[in-house]
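We're numbering straight along the sequence, starting at 1.
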Amino acid sequence: PVLEDPGAGIWVKPDDSNIVLVGEIGAIRRTADGGTTWTENDAAAFLSHDYSVTEFIQDVDDSNTIYAAVVNGETNNSKTGMVLVSHDLGVTWEDMDLLDGSSAQTITQASNGDIYVGVGAEGGSSYKKGIYKYSEGTWEQLAGAPDEEVVKVLVDPDNDDVVYAVASIAYGNNDTGNFGFYKSTDSGSTWTKITDGL
């Protein structure tokens, strides 16, 4: 099949470039032959036509495990989403039950296995904003994270305690002063805005 509604997410297996995943609106497509043929998998059971994948990451310990951050793909709807996981390189998928059906804007993983997800919501809505952390099988919303859309989050590859995040102004919000570049040195418990000078 032809990719009709591509999303933003793409992943190429580091040691075999024939295996590629592409997030499409309402589906995840997979190729095992470098793009000659594509298959749609069971992720479509979770992804209605309103959803698309923003980002894929490979698990730090299990090279067959892939995580997908998913957002509502319709700009006129309030932002919701999920995190999906595949344990077979994208052939089958499961929902990781991200709290409150939050919009997964971005995803990263520390070397100890902890997963961080930046979430976002339209201004004035009751949908969640900030950062969620998945550790030892449990999701938690990080109370000290910026209360805005978090559009990128990354863990320092040399230090699991250090996490960076970019907060954007949630759509429809006035400038609250919370947007900018943030750093945590305690695995996300507290955050310091470090935008000055950029």
Side-chain angles (χ1 to χ4, degrees), residues 8-9 11 23 43 46-47 50-62 64-72 77-87 93-171 173 176-195:
W11 176 81
F46 305 104
L47 307 176
D50 290 344
Y51 290 91
S52 64
V53 175
T54 59
E55 197 168 8
F56 294 101
I57 60 168
Q58 187 174 30
D59 188 83
V60 294
D61 294 317
D62 180 2
N64 290 321
T65 296
I66 309 297
Y67 303 98
V70 178
V71 299
N72 185 310
N77 291 337
S78 295
K79 290 188 176 178
T80 56
M82 65 197 78
V83 174
L84 299 179
V85 61
S86 172
H87 299 290
W93 294 87
E94 303 168 26
D95 187 352
M96 291 183 66
D97 296 321
L98 179 62
L99 295 174
D100 306 312
S102 297
S103 169
Q105 310 284 103
T106 180
I107 187 169
T108 190
Q109 189 178 32
S111 65
N112 65 7
D114 289 350
I115 295 172
Y116 296 83
V117 175
V119 302
E122 292 165 343
S125 77
S126 62
Y127 292 89
K128 297 294 184 180
K129 296 175 279 189
I131 299 172
Y132 283 10
K133 181 179 179 180
Y134 186 79
S135 184
E136 299 180 1
T138 302
W139 288 105
E140 118 183 72
Q141 186 177 15
L142 299 179
D147 186 31
E148 296 287 352
E149 281 199 299
V150 174
V151 295
K152 192 63 180 176
V153 60
L154 284 173
V155 180
D156 187 321
D158 298 320
N159 186 345
D160 284 347
D161 292 335
V162 177
V163 187
Y164 296 94
V166 176
S168 176
I169 299 175
Y171 177 77
N173 265 2
T176 62
N178 293 330
F179 72 94
F181 189 38
Y182 285 81
K183 180 180 182 180
S184 173
T185 57
D186 52 14
S187 301
S189 295
T190 60
W191 294 82
T192 301
K193 189 175 179 182
I194 59 170
T195 309

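- Take Gln141 and apply the side-chain contact (heavy atoms from CB on, under 4.5 Å) test, not counting sequence neighbours, and it matches Lys128, Tyr132.
- Remark: Asn72 CG to Tyr51 OH distance equals 5.0 Å, nearest 0.5 Å.
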Checklist line | Audit row: Phe46, Val70, side chain to side chain contact (heavy atoms under 4.5 Å, CB included) steps and yes/no | finding: CA-CA 10 Å; Phe46 305 104; Val70 178; over 6 Å; no
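- In this structure, Thr54 contributes its side chain and Ala104 its backbone to a donor-acceptor pair below 3.5 Å.
- Annotation: side chain of Phe179 is not in contact with side chain of Val166 (no heavy-atom distance under 4.5 Å).
- Judged by distance alone, with hydrogens and angles left aside, the side-chain atoms of Lys193 form no donor-acceptor pair with the main-chain N or O of Lys183 at under 3.5 Å.
- Residue Ile57 holds its CD1 atom at 11.5 Å from CH2 of Trp11, rounded to the nearest 0.5 Å.
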Notebook entry, point to check: Where do Asp114 and Gln109 land on the side-chain hydrogen bond (donor to acceptor under 3.5 Å, both in side chains) test, with the steps shown first?
Noted result: CA-CA 6 Å; Asp114 289 350; Gln109 189 178 32; over 6 Å; no
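- With a 4.5 Å cut-off on side-chain heavy atoms, Val153 and Val117 do not count as touching.
- Aromatic pair Trp191/Tyr182: centroids not less than 6.0 angstrom apart.
- How far OG of Ser135 is from CG of Asn112: 6.5 Å, rounded to the nearest 0.5 Å.
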Next item on the list: Check step by step if side chain to side chain contact (heavy atoms under 4.5 Å, CB included) holds for Met96 and Trp139.
Entry: CA-CA 9 Å; Met96 291 183 66; Trp139 288 105; 4.2 Å; yes
Notebook entry, point to check: Which is it for Leu84 and Asp95 under the side chain to side chain contact (heavy atoms under 4.5 Å, CB included) test, yes or no, and what are the steps along the way?
Noted result: CA-CA 5 Å; Leu84 299 179; Asp95 187 352; 4.2 Å; yes
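- In this structure, OG in Ser86 is found 5.0 Å from CH2 in Trp93, a value given to the nearest 0.5 Å.
- Interatomic distance, Lys133 NZ to Glu140 CD, rounded to the nearest 0.5 Å: 6.5 Å.
- You'll find the side chain of Tyr116 stays beyond 4.5 Å of the side chain of Ile107, heavy atoms only.
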Checklist line | Evaluation steps, side-chain hydrogen bond (donor to acceptor under 3.5 Å, both in side chains), between Gln105 and Ser103 | finding: CA-CA 6 Å; Gln105 310 284 103; Ser103 169; 2.5 Å; yes
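- Rounding to the nearest 0.5 Å gives a distance of 8.0 Å between CZ of Phe181 and OG1 of Thr195.
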Margin query: If you apply the rule side chain to side chain contact (heavy atoms under 4.5 Å, CB included), what do you find for Ser52 with Val71, and how did you get there?
Written below: CA-CA 6 Å; Ser52 64; Val71 299; 4.2 Å; yes
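- Considering all non-hydrogen atoms of both residues, Gly23 and Val53 come closest at CA-CB, 3.8 Å.
- Nearest heavy atoms, Gly188 versus Leu142: O-CD1, 3.6 Å.
- Sequence neighbours left out, the pairs with a member in residues 151-164 that pass side chain to side chain donor-acceptor pair (under 3.5 Å) are Glu55-Lys152, Ser111-Asp160, Asp161-Ser187.
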